[in-house]
Peer 1: 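Mind having a look at this structure? Questions to follow.
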Amino acid sequence: MTPKGRKVFIVLYRTGGAGSRLRKYTIGPYGRVTLHQARAAAQQIFAANLRDVILPLRDVMPADG
């Protein structure tokens, strides 16, 4: 939930292990992205090399509901 009250799906990850900076990737807003789509996207992010997946995922996720 954002400070303005919007609900969004996010993935929190670290690229360099426990001591590295925590990063956030926004999958999309609740409503446009279903729970099933958000879980599938999160699994792709965690299963693959993050540098190869983060940018291509933006092309896969639907722009409109």
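What you see is a predicted model, and the numbers here were worked out from it, not measured in a lab. In what follows, every heavy atom counts, from backbone to side chain, and hydrogens, waters and symmetry copies are set aside.
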Peer 1: Which pairs would a plain distance check flag for residues 3-12, meaning a side-chain donor or acceptor within less than 3.5 Å of a matching protein atom at least two apart in sequence or in another chain?
Peer 2:
none

Peer 1: Do Gln37 side-chain atoms and Thr34 backbone N/O form a donor-acceptor pair below 3.5 Å?
Peer 2: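 Present.
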Peer 1: When rounded to the nearest 0.5 angstrom, what is the spacing between CZ in Arg39 and CD1 in Ile27?
Peer 2: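 Atom-to-atom, Arg39:CZ and Ile27:CD1 are 11.0 Å apart.
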Peer 1: Quick one: do Leu35 and Tyr25 end up in the same hydrophobic cluster if we chain Ile, Leu, Val, Met, Phe, Trp and Tyr together by side-chain heavy atoms under 4.5 Å apart?
Peer 2: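 Linked, Leu35 and Tyr25 end up in one cluster.
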